[in-house]
Chemist: 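Have a look at the structure that comes next, please.
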Amino acid sequence: MPDFEKKILDYVTRPGYTPVRDKALLKKVGGSKSTSAEFEQAIEALRSKKNILVSDSGLIRPVKKEGWIAGTIKKINSGAGYLIPHHKPDDIAHDQRHAGDLYVSERDLGDAQTGDEVYATVINRQRSGGQICGRVVEIIERASTTFVGTYFESNGEGYVHVDGKIFNSPIHVGDPGAKGVSAEDKVVIDILHFPSKDYLGQGVISKVLGPHGKPGVDLLSIVYEFGIPMEFPEEVLKEAREQASLFDETKLGNRRDLTKETIVTIDPADARDFDDAISLTQNEKGHWLLGVHIADVAHFVKEGSILDREAKQRGTSVYLPGQVIPMLPEIISNGLASLQEGQVRFTKSAFIEFTPEGIPVHTEFANSAIQVTQRFAYEEVLPIVQGRDEAGENVSTEVRELLKNMHYLAMILRRRRFSAGSLELHLSEVRLTFDDKHRVTGAVEREHDESHQIIEEFMLAANISVAEAFNDRKLRFLRRVHPSPELPRQLAFAEFVTALGYTLKKAQSRKDLQQIIEQVHGTPVEQAVNYALLRSLKQAEYTDEEFGHYALAVDHYCHFTSPIRRYPDLTIHRMIDEILERPDKGKGQSPQGLRQLGQELSLRERRAESAERELTKVKLLSWMIENNIKTLKTMITGAETFGLFCRGTDVPVEGLLHISRLGKHDYFHQDPAKFSIVGERTGQEYRVGDYLTVEVEKIDLDRRELDFRLPNSNKAGKSSKGNTGPARQDNKKSTKSSPKSQSNTTKKSRKVKSQRSKKKKRK
């Protein structure tokens, strides 16, 4: 077999190499169709070793190129940034905050932006503290070229303030009025030339979303900003309709008929897609037989089909405040696949046998058909279990007994999980409330009582059992992993809780961490401690690598229970079909592309989470403006050199109380050891976890910033974020200043005029 790893590395690291895709590279290294499988395995091996990069467009590049370092840029407020290397060289100095990262000054960034993949070189300059500096020498791939912002005009020219903190200066978009745009409209732009320290960015308006503040425009802004597809192409809808026409609930084939069994669903009251249902019985040995029945999406979405390609591209349903953007067309997600009460539906069932003590002893899979006996909202379950429901006549004896048994077994499983070292953070989860015109009326904290815990424990048990069954068969599959945290982060968390007066015996002990979580439960510092612990942990992700799941304290875990809204679950369902069809011959998923699929789906998941978080922030800030909110009760969640981060206790929004707003008669400084800010003259201390009533000083909706001040503080003090208008280009090298720093169009640079003349020629 050819040594493809060496051949590939030799070829892509040769001088003058131009990035190509895999098919072209296969020929370049002497491969053929017959050896393509070995070639793809070599590509995956080199990717996992971080010896090569494969961009979203499929271009293959070396991680190391003539002494260059490949990595991702993360900019900071000062305009400088950090290069986070894909493969950290040994000669990069390590410090506590940015271990292994290169500091890149604003002048050395060029036009690189947050999220861009770049090549950089180490330069002979160090920051104070010894951190190594770098310079960006080439952009590998842009994180995005499409952005959303607010249009305005200055001196007869059109500009766009891009939302968020991506750019410090506006983007020039040419002649005013393009596409009928008006001042204060939200627009989508495509960047032609990215801004740098010396030049304003150049772009073109591709879509006008509507007036700033118009209902629905905030949603569209977030959707376009994050590149989330909303409407399904007609060909996808056509295939979904065809699947609907083919579905016949009376033709069960070789499915196990469970339509006469007592089976229930428990979901939020406003849920529309029901993808999991539960049955529970006892066998002659006194063992529990838990049936977790999951919507058989794989029956409708065939691998490689148009529906499948669309679902893979989306990766996940996106749950935005007041709006769900589904992964699959609604005829499937809310119709054919949804486990609606009284309807025959096809499912994948996992039957897990537990001893009376909650120890799993056997797992069995089946393609099945169920008919949900009764649907429950979470709020309805506990009163039934506790025998205090007023509408008891609506629940049969069989269903009532099932719910009580479900609660009994779930609590046993829960106790066992925590005794094994599982972690559970107590983080407040916020749900926005809306009026009939889809305007925010407030926010409430989501409940998470024992009715939620019943379903949570059963879903976890099913995911673990499926993963362990696959692993026992030595199958390669898409795992859900949560790598162990890095020791420095764990030690920093231990210092944090110590400063708050708590004792963490072993920073690396999950049981000790959970004990701390329980100790702070219900105390003023609960949220601060939980968020600090969350920040100390790594992110969960999808991969085929056996990293285990740190928070759950298990070695094998996957996602099986939500195929309507998560593509990884669909891949697991297809493997169950393979096992059922060929019990002794299943090999699991092909190694080609599995790790890349995991990376792509992890990114889609994070994109959805970021979009939800940003839209929630936008809607909360808009609500504060509309309701003229002037003061907030808050809790300090972070203490930095520049000020305090404070989160509202009634309105769950976070803002900055700049250090200059703490008082004009004292000098305040950060005390990292105590996670606080202290006044040198008065000794006044502001510590993480303290409650604080603050005044709202400024809300910048476009930058999504909220600034606080203390009541009666120095109102003439320096703003924490400066002018919210276009940033001034003060460097004398700048060829074009921000529009507000120009008196007339004659001061425009030759460079910009030259660019315009070229555009006219192209038109």
Side-chain angles (χ1 to χ4, degrees), residues 1-72 85-87 116-119 137-143 145 302-315 474-479 541-546 567-568 570-571 574-575 578 585-604:
M1 185 176 76
D3 185 0
F4 276 125
E5 286 192 38
K6 184 177 185 306
K7 287 177 178 288
I8 292 168
L9 266 184
D10 287 345
Y11 190 84
V12 301
T13 55
R14 66 196 298 182
Y17 166 72
T18 301
V20 296
R21 293 179 175 83
D22 54 1
K23 289 184 179 179
L25 186 57
L26 174 63
K27 295 179 180 178
K28 298 288 187 183
V29 298
S32 63
K33 190 174 182 180
S34 62
T35 57
S36 61
E38 292 91 339
F39 172 81
E40 289 176 8
Q41 286 179 351
I43 289 287
E44 279 303 305
L46 291 171
R47 278 179 61 121
S48 66
K49 297 174 186 175
K50 301 190 183 299
N51 287 327
I52 61 170
L53 296 170
V54 182
S55 70
D56 289 343
S57 58
L59 294 175
I60 298 168
R61 293 177 169 88
V63 168
K64 293 183 178 180
K65 178 182 176 182
E66 301 171 0
W68 295 358
I69 303 164
T72 304
H86 295 312
H87 177 74
D116 289 351
E117 282 193 291
V118 304
Y119 283 122
V137 291
E138 184 181 310
I139 304 292
I140 298 174
E141 188 159 19
R142 294 285 185 184
T145 58
K302 306 301 182 184
E303 188 169 8
S305 66
I306 294 172
L307 266 174
D308 180 54
R309 292 198 298 269
E310 182 70 17
K312 184 189 294 185
Q313 179 64 29
R314 291 174 178 243
K474 302 188 184 306
L475 302 178
R476 182 169 176 166
F477 60 98
L478 201 57
R479 298 169 181 265
E541 60 185 353
Y542 296 106
T543 183
D544 65 325
E545 297 181 274
E546 296 185 35
Y567 192 83
L570 185 53
T571 71
R574 288 172 178 154
M575 289 187 63
E578 182 182 333
K585 296 182 180 180
K587 296 181 180 179
Q589 296 181 37
S590 168
Q592 289 85 15
L594 184 58
R595 194 161 300 170
Q596 182 177 355
L597 176 62
Q599 292 171 347
E600 292 170 356
L601 294 176
S602 296
L603 289 175
R604 299 283 186 271

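Every value quoted in this text rests on a predicted model; they were computed, and no experiment measured them. Numbering starts at 1 and runs along the sequence shown.
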Chemist: Given side-chain contact (heavy atoms from CB on, under 4.5 Å), test Leu570 with Asp308 step by step and report yes or no.
Modeler: CA-CA 9 Å; Leu570 185 53; Asp308 180 54; 4.2 Å; yes
Chemist: Go through Asp22 and Val54 one step at a time and tell me if the side-chain contact (heavy atoms from CB on, under 4.5 Å) criterion holds.
Modeler: CA-CA 9 Å; Asp22 54 1; Val54 182; over 6 Å; no
Chemist: Between atom CD1 of Ile8 and atom CD1 of Ile43, what is the distance when rounded to the nearest 0.5 Å?
Modeler: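 Going from the CD1 atom of Ile8 to the CD1 atom of Ile43 covers 3.5 Å.
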Chemist: Start with the C-alpha gap between Glu545 and Arg595, add the side-chain angles, then the distance that decides, and say whether side-chain contact (heavy atoms from CB on, under 4.5 Å) holds.
Modeler: CA-CA 8 Å; Glu545 297 181 274; Arg595 194 161 300 170; 3.4 Å; yes
Chemist: Specify the closest pair of heavy atoms between Tyr17 and Ile60, including all atoms of both residues, with the distance to one decimal.
Modeler: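 So the minimum-distance heavy-atom pair works out to OH-O, 2.7 Å.
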Chemist: Nearest 0.5 Å please: distance from the CZ atom of Arg14 over to the CG atom of Leu9.
Modeler: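 One finds 13.5 Å between CZ of Arg14 and CG of Leu9.
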Chemist: Distance check, rounded to the nearest 0.5 Å: Asp116 atom CG versus Glu141 atom CD?
Modeler: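 Rounded to the nearest 0.5 Å, the CG-CD separation comes to 9.5 Å.
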Chemist: Nearest 0.5 Å please: distance from the CD atom of Glu44 over to the CD atom of Glu5.
Modeler: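 The CD atom of Glu44 sits 11.0 Å away from the CD atom of Glu5.
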Chemist: Pick out which of Leu478, Leu594, Leu597 makes a side-chain contact (heavy atoms from CB on, under 4.5 Å) with Tyr542.
Modeler: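 Among Leu478, Leu594, Leu597, the one meeting side-chain contact (heavy atoms from CB on, under 4.5 Å) with Tyr542 is Leu478.
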Chemist: Measure from the side-chain N and O atoms of Asp544 to the backbone N and O of Phe477, and report whether any donor-acceptor pair falls under 3.5 Å.
Modeler: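 A pair under 3.5 Å: no.
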Chemist: Whether the side chain of Thr543 engages the backbone of Gly598 through a donor-acceptor N/O pair (distance < 3.5 Å, no angle test) should be reported.
Modeler: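 Such a contact is absent between Thr543 side chain and Gly598 backbone.
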Chemist: Is any side-chain heavy atom of Arg604 closer than 4.5 Å to one of Tyr567?
Modeler: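 No, every pair of side-chain atoms sits at 4.5 Å or beyond.
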Chemist: For Lys6, which residues count as a salt bridge (Lys or Arg N to Asp or Glu O under 4.0 Å) partner, sequence neighbours excluded?
Modeler: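 Testing Lys6 for salt bridge (Lys or Arg N to Asp or Glu O under 4.0 Å), a comparison that skips the adjacent residues, returns Asp10.
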Chemist: Which value, rounded to the nearest 0.5 Å, describes the distance between Leu26 atom CG and Lys33 atom NZ?
Modeler: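 These two atoms lie 11.5 Å from each other.
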Chemist: Begin from the C-alpha positions of Glu310 and Arg314 and carry the test salt bridge (charged side-chain N to carboxylate O under 4.0 Å, His left out) through to its verdict.
Modeler: CA-CA 6 Å; Glu310 182 70 17; Arg314 291 174 178 243; 2.8 Å; yes
Chemist: Using every non-hydrogen atom in the two residues, find where Leu59 and Pro19 come nearest and quote the distance to one decimal.
Modeler: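 So the two residues come closest at CD2-O, 3.8 Å.
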Chemist: If we ignore hydrogens and angles and just use 3.5 Å, is the side chain of Thr35 paired with the main-chain N or O of Glu38 as donor and acceptor?
Modeler: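 No; zero donor-acceptor contacts below 3.5 Å.
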Chemist: Looking only at atom types and distance, does a side-chain atom of Arg309 sit under 3.5 Å from a main-chain N or O of Gly304, one as donor and one as acceptor?
Modeler: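 Flag set: sc Arg309 to bb Gly304 pair under 3.5 Å.
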Chemist: Nearest 0.5 Å, please: how far is CZ in Phe4 from CG in Leu46?
Modeler: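 Here the interatomic distance stands at 12.0 Å.
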Chemist: Measure across Tyr11 and Lys28 and return the closest heavy-atom pair with its distance rounded to 0.1 Å.
Modeler: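 Closest pair (atom of Tyr11, atom of Lys28, distance): OH-CD, 3.2 Å.
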Chemist: Can you check whether Arg61 reaches Ile52 side chain to side chain, under 4.5 Å on heavy atoms?
Modeler: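 They are not in side-chain contact.
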Chemist: Return the minimal non-hydrogen interatomic distance between Pro568 and Gly315, and the atom names on each side.
Modeler: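 Smallest interatomic distance, heavy atoms only, reads CD-O, 4.1 Å.
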Chemist: Step through the shown structure and confirm whether more than 12 heavy atoms of other residues, nucleotides or ligands are within 6.0 Å of NZ on Lys23.
Modeler: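 No, because the 6.0 Å sphere around NZ of Lys23 holds 12 heavy atoms or fewer from other groups.
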Chemist: Is it true that Arg574 and Glu578 have a side-chain N and a carboxylate O under 4.0 angstrom from each other?
Modeler: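 Here Arg574 does not pair with Glu578 in a salt bridge, since their nearest N and O are not under 4.0 Å apart.
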Chemist: Closest approach of Lys312 and Leu601, non-hydrogen atoms and distance?
Modeler: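 Smallest heavy-atom distance, with atoms named: O-CD2, 4.1 Å.
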